[in-house]
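A quick write-up on the structure given underneath.
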There are 2 protein chains.
Amino acid sequence: MFKRVLIAEDQQSANISVRKMVEDMGITGAKYVYHCDDALLQLKNALLEDDPFELLITDLLFEPDDRPQKLPGGEALITASKQLQPGLKILVFSAEQRGAVIASLFNTSKINGYVRKARRDAEELQGAISSIYKNKLHHPSNIEHPILKNIHEFSPYDVAVIRLIAEGKSQKEISAYLDAHHIRPSSLSSLEKRLNLIRESYDFTNNGQLIAFCKDLGVI
Amino acid sequence: MFKRVLIAEDQQSANISVRKMVEDMGITGAKYVYHCDDALLQLKNALLEDDPFELLITDLLFEPDDRPQKLPGGEALITASKQLQPGLKILVFSAEQRGAVIASLFNTSKINGYVRKARRDAEELQGAISSIYKNKLHHPSNIEHPILKNIHEFSPYDVAVIRLIAEGKSQKEISAYLDAHHIRPSSLSSLEKRLNLIRESYDFTNNGQLIAFCKDLGVI
DNA sequence: TTTTGTTTTACGGTTTCCCGTAAGGATTGT
DNA sequence: ACAATCCTTACGGGAAACCGTAAAACAAAA
C-alpha cells in the first residue's frame with residue numbers, strides 16, 4: 001500500500017475525514033494541507049529529501065482566505081504537480097458532478113481517480129485508493145458519462161461560439177469576432193449551419209435550451 | 001453539555017466528521033442517520049422512550065438514493081421535527097451560502113445555528129454547539145451575499161417562464177402553456193414585456209444570456 | 001494542371017423574437 | 001358612479017435567427 005500520501009483539502013471537516021480514511025487503511029505517512037500552494041511546497045520538499053509522495057488526494061474548489069495563493073484551485077495544483085513529479089498518482093475528491101468537467105480531468109489532466117462527495121464517499125475513497133495503488137483508474141460510480149454517450153462532441157470552436165452566445169453576443173457579432181480572431185469558419189452562414197447541426201443532434205429547438213444544457217454539463 | 005444529539009447527514013465523510021467533532025466534545029449519546037425519514041423516526045422513538053434528543057444537527061440537501069423518502073430534504077425535516085418536538089434545538093450544517101436562504105432558516109424555520117461547510121467548519125461546529133447549549137444563536141461567520149444584490153427578484157412566474165425557455169419552448173408555446181395552466185398573464189405580448197423587463201434590468205441582450213445567468217445562480 | 005470532393009460563403013425566404021403604441025379590463029380612491 | 005391608475009392584451013413594423021440552395025474557395029488526388 002502507499003506509504004506517502006498528501007491530502008489537499010480546504011474544508012476542515014472533509015480534511016479530517018480523508019485523513020481518517022487514509023489512516024484506517026494503515027497508511028501512516030500521510031500529510032495534510034489546507035492550501036494549494038502548501039501542497040506544491042510539500043511535494044517539492046519531499047522530492048528534495050528524496051522521499052517523494054506517491055499519491056495526492058485533492059479537492060477542486062479552494063475558497064480564498066487571508067492567505068493569497070498562486071495556485072487558484074485543484075486543477076492548477078494538479079497541473080503543477082504533474083509537471084513537478086510526473087509519476088505522482090492523483091485522486092480528486094470533490095463535489096463536482098458535471099460530466100464534462102470530470103471527463104476532462106481524466107482526459108486532459110490525467111488524474112488516476114475521482115470520488116464525488118456524496119452518500120458513500122468515504123467507502124468509495126478507500127476503494128479508489130486501493131484501485132489506484134494497483135495502477136487502475138477509479139471512475140466515479142454514480143456519474144453518467146453524458147459526453148461519451150452523446151452523438152455530438154463539443155469542439156473548442158463550438159465551446160467558443162456557445163460561450164459568446166451566453167455572453168449575449170448576436171450571431172452577427174460572433175461572426176465578426178471570429179473573423180477578427182482568425183478563427184475559421186467565421187461567416188454568419190457557417191455559424192448558423194454549425195449551430196443548426198448541434199441543435200439537430202440534440203433535438204434542441206432554440207439556443208436557450210443549448211445554453212442550459214451546456215451549463216448543466218459544465219461545457220461552459 | 002448536551003447528552004443526546006442526533007446527526008442527519010447523507011454524505012458519509014461529512015457524517016463521520018460531525019460525529020468525531022461531537023465525540024471530541026465529550027458527548028457520548030450521539031446517534032447518526034443518513035436519511036431524513038430515519039432522523040424523524042429516531043426523534044419519535046426517543047420521545048416515546050421519554051429520552052428525547054436535545055439537539056439535531058442536519059444537512060439541507062439530501063441526495064435521493066434507492067430508499068424513497070417522505071421528507072425531501074433538511075428543511076422539511078426541520079419543519080417536521082419542530083412540529084413533533086418544539087423544544088428541540090436545531091443546528092444546520094450545509095454548503096448553502098445564499099444569504100436569503102440562511103436568513104429564512106433563522107426567521108421562518110427558527111433554527112438555532114448555522115455552520116457553513118467551509119475552511120474552518122469543524123472548529124466552528126464545536127463553537128456553535130457550545131453556543132446553542134447556552135441558548136444562544138449561532139450565525140454563520142461569513143455572511144456572504146452572493147451576486148444577488150440585484151434590482152430584480154425572480155418571481156415564481158419568471159422562473160416558470162425561464163424554465164420553459166430552457167426546455168426549448170418557443171414564446172408562442174409558452175403563452176399557450178400559461179393559458180392552459182391558468183397562469184396569468186398568459187398573452188404573448190405580456191410574456192414579451194416581462195422578458196424585456198428582466199433583460200433590461202440586467203443589461204442582457206438575448207435570452208441565452210439570461211439562461212446562462214439563471215443557471216449560474218441556481219434559479220433554474 | 002485538371003478533376004473531384006469538401007468546406008466555406010453568399011443570398012433569399014420564412015419564422016421567431018423584439019419593441020413600441022394603443023386599446024380594452026380591472027382595481028382603487030374619492 | 002366616476003376618474004385615475006395599473007395591468008393585460010392586440011397589433012404592426014423591424015431586427016435577429018432559422019433554413020434552404022447555389023456559388024465560390026479550397027484541398028487532395030490523378
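By convention in this document, chain letters (A, B, ...) are assigned in the order of the sequence lines, proteins followed by strands, and residues within each chain are numbered from 1. Quick note: numbers below take in every heavy atom, side chains included, and nothing from hydrogens, waters or symmetry partners.
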Carboxylate-amine/guanidinium proximity below 4.0 Å for R116(A) and E63(B): yes

Determine, for D216(A) against K215(B), whether the closest basic-nitrogen to carboxylate-oxygen distance falls under 4.0 angstrom. yes

Expressed as a whole number of angstroms, how long is the span from Q209(A):CD to dA17(D):C1'? 16 Å

Grab the CZ-P distance between R194(A) and dA17(D) for me, whole Å please. 18 Å

Quick one: which residue pairs count as a ring-ring contact (aromatic ring centres under 6.0 Å, His included) with a foot in residues 78-111 of chain A, not counting sequence neighbours? F106(A)-H139(A)

Can you tell me which residue pairs pass the side chain to side chain donor-acceptor pair (under 3.5 Å) test with a partner in residues 160-169 of chain B, sequence neighbours excluded? none

Electrostatic pair E9(A)-K117(A), nearest N-O below 4.0 angstrom: yes

Do R67(A) and D38(A) sit within salt-bridge range, that is, some charged N less than 4.0 Å from a carboxylate O? yes

Ion pair present between D179(A) and R184(A), side-chain N to carboxylate O less than 4.0 angstrom? no

SB check K70(B) D37(B) (cutoff 4.0 Å): no

Side-chain heavy atoms of N15(A) within contact of D10(A), under 4.5 Å: no

Residues which pass ring pair (Phe, Tyr, Trp, His ring centres under 6.0 Å) with Y157(A), listed by chain and number, not counting sequence neighbours: none

For R199(B) and dA15(D), what is the distance between atoms CZ and P respectively, to the nearest whole Å? 16 Å

First and last nucleotide of DNA chain C, 5' to 3', lying under 4.0 Å from heavy atoms of chain A: dT8(C) to dC11(C)

Please classify the nucleic acid contact of N196(A) as base, sugar-phosphate, or nothing, using heavy-atom distances under 4.0 Å. sugar-phosphate

Rounded to the nearest Å, what distance is computed from the CG atom of residue N207(A) to the C1' atom of nucleotide dA16(D)? 11 Å

Between S94(B) and E96(B) (side chain of the first, backbone of the second, donor and acceptor by atom type, cut-off under 3.5 Å), is there such a pair? yes

Nearest-angstrom distance from the residue atom CD1 of I211(A) to C1' of dA17(D): 14 Å

Rounded distance in Å - CG (N206(B)) to P (dC18(D)): 10 Å

Using a cut-off of strictly less than 4.0 Å between a heavy atom of the residue and any atom of DNA chain D, enumerate the qualifying residues of residues 177-193 of chain A by number. E192(A), K193(A)

In dot-bracket, 5' to 3', how would DNA chain C read with Watson-Crick or G-U wobble pairs under 3.5 Å, [ ] for crossing ones and | for pairs to another strand? ||||||||||||||||||||||||||||||

